[in-house]
Amino acid sequence: MSATTTSSAASTTLTPIPGSAITRFISDGWVTTWRNLMKIIRVPEILLFSLIQPIMFVLLFTYVFGAVINIPGDGYESFLMAGIFAQTVVFGSTYSGAAMAQDLKDGIIDRFRTLPMSGAAVLVGRTNGDLVINSLSMIVMMITGFIVGWRVNSSPLEFLAGVALLLLFAYAFSWVMAFLGMSVKSPEIINNASFLILFPLTFISNAFVPSENLPEPLRIFAEWNPVSSLVQAARELWGNVPPGTVVGDTWMAQNAIATVLIGVVVLLLVFVPLSIRKFATLSR
C-alpha cells in the first residue's frame with residue numbers, strides 16, 4: 001500500500017462524522033435511561049412506595065385536616081391537590097441524589113468510566129428515570145384526587161400546562177439533587193439532608209393551608225418560598241384558587257407561573273453544567 005493511500009485512509013479514519021457526538025449523546029442517554037427504568041421493573045418496591053406515599057397524603061389530608069380547615073369555593077379537596085402534587089414531585093426528585101450517591105458507593109460510576117460513553121448521558125438517564133417515576137405518581141394522584149372530590153375548573157389545555165409545569169420543575173430539581181448526590185459520601189447523608197431541607201419548604205408554604213393563615217414570620221417565608229409559587233401556579237392553571245384568597249404582595253406570589261418558569265431555567269443553567277463537571281471530576 002502506498003504512503004499516499006495510507007495517509008488517505010488515516011485521514012478518513014480521523015475525520016469526525018458530523019453530528020456523531022450528538023447522536024452518541026442521545027444514544028447513550030437512552031441506554032442509561034432504559035437501565036434506570038429496568039431497575040425500577042426489577043425492584044418494584046421503588047415504584048410501589050413512590051406511588052403509595054402520595055395516596056396516603058391525599059387521604060390523610062383530605063379526611064383528617066380537611067375536616068377542620070374551611071376553604072371557600074369547591075372545598076379543601078380542590079385546594080389541597082396542587083399542594084400534594086408539588087410536594088410529591090419535589091420529594092420524588094430526591095431519588096436522583098440518593099441513586100447517584102448509591103452508584104458511587106457501589107462503584108457503578110467507576111464501571112461507567114471504563115465504557116466508551118458520554119458522562120453527561122449517565123446524568124440524563126438518572127434524571128429521566130426520576131421524571132418517569134414522578135409522571136406515574138401524578139397519574140395515581142389524579143385518580144385518587146378525583147375519587148375524593150377534586151375537580152379541574154379550567155380548559156384541558158390549561159390542565160395539561162399545569163401538569164407540564166410541575167414535571168418541568170421536578171426535572172430541573174432532579175439536577176440539583178443529582179449534584180448533591182455526587183457531593184456527599186453516602187446515600188444516608190443525602191436522604192437526611194433532603195428531608196431537613198424539603199420538609200420545611202413544602203409545609204411552610206401555601207400547599208396545605210392559605211399562607212395568610214400562618215403566623216407573620218412563617219407567612220413571609222411562605223410568600224417567598226418557591227414551592228408556594230409552584231403550588232399557586234398549578235392552582236391558577238387548574239382553576240382551583242379559592243375565591244377571596246389573599247395571594248400575597250411579593251412579585252413571586254403575584255406572578256407564580258412566570259416565577260416557576262424562571263426558576264426552572266435558572267436551575268437548569270446552573271446545575272446541569274455543575275453536575276456534568278462534577279461527574280467528570282469523579283471519573284478522573
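Numbering starts at 1 and runs along the sequence shown.
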Considering non-hydrogen atoms only, spot the tightest contact between Ile190 and Gly181 and give its length. CD1-N, 4.0 Å
Can a donor-acceptor pair be found, under 3.5 Å and without considering hydrogens, that links the side chain of Asn255 to the backbone of Trp251? yes
Heavy atoms of Asn225 and Ile204 approach each other most closely as ND2-O, 3.0 Å
Does Tyr76 reach the main-chain N or O of Phe208 with its side chain, forming a donor-acceptor pair under 3.5 Å? yes
Would you check if there is a donor-acceptor pair between the side chains of Ser229 and Gln232 at a distance under 3.5 Å? no
Strictly distance-based, threshold 3.5 Å: is any side-chain N or O of Ser93 a donor or acceptor partner for the main-chain N or O of Ala170? yes
Do Tyr171 and Val270 belong to the same hydrophobic cluster, where Ile, Leu, Val, Met, Phe, Trp and Tyr are linked whenever their side-chain heavy atoms lie under 4.5 Å apart, directly or via other members? yes
Quick test of your reading: applying side chain to side chain donor-acceptor pair (under 3.5 Å), list the pairs with at least one residue in residues 144-154, sequence neighbours left out, ordered by first then second residue. Asp74-Asn153, Trp150-Asn240
Just by distance, do the side chain of Asp130 and the backbone of Ser96 share a donor-acceptor pair under 3.5 Å? yes
Arg235 side-chain N/O to Ala82 backbone N/O, donor-acceptor pair under 3.5 Å: no
dist Met182:CE -> Arg126:CZ (nearest 0.5 Å) comes out at 11.0 Å
Could you go step by step and tell me if Met141 and Thr88 meet the side-chain contact (heavy atoms from CB on, under 4.5 Å) rule? CA-CA 9 Å; Met141 281 190 294; Thr88 300; 3.3 Å; yes
Leu131 and Ser174: side-chain contact (heavy atoms from CB on, under 4.5 Å), yes or no, with the steps? CA-CA 8 Å; Leu131 186 61; Ser174 292; over 6 Å; no
For the side chain of Thr94 and the backbone of Val90, is there at least one donor-acceptor N/O pair under 3.5 Å apart? no
Is the backbone of Trp175 close enough, under 3.5 Å, to the side chain of Ser275 for a donor and an acceptor to pair up by distance? yes
In Å, rounded to the nearest 0.5 Å, how long is the span from CD1 of Ile189 to CG of Leu180? 11.5 Å
Is the number of heavy atoms from other residues, nucleotides or ligands within 6.0 Å of CG (Leu196) greater than 12? yes
Flag, side chain of Glu158 to backbone of Ser155, donor-acceptor distance under 3.5 Å: yes
Correct closest heavy-atom pair for Leu268 and Ala172 would be CD2-CA, 3.8 Å
Can you measure from CG (Leu167) to CZ (Phe85) and round to the nearest 0.5 angstrom? 9.5 Å
Would you give the length of the straight line joining atom CD of Glu77 to atom OH of Tyr63, rounded to the nearest 0.5 angstrom? 7.5 Å
Heavy-atom closest pair, residues Ile84 and Phe57: CD1-CB, 3.7 Å
Could you tell me whether a side-chain N or O of Thr127 sits under 3.5 Å from a main-chain N or O of Val124, the two making a donor and an acceptor? yes
Side chain of Thr202, backbone of Phe199: donor and acceptor closer than 3.5 Å? yes
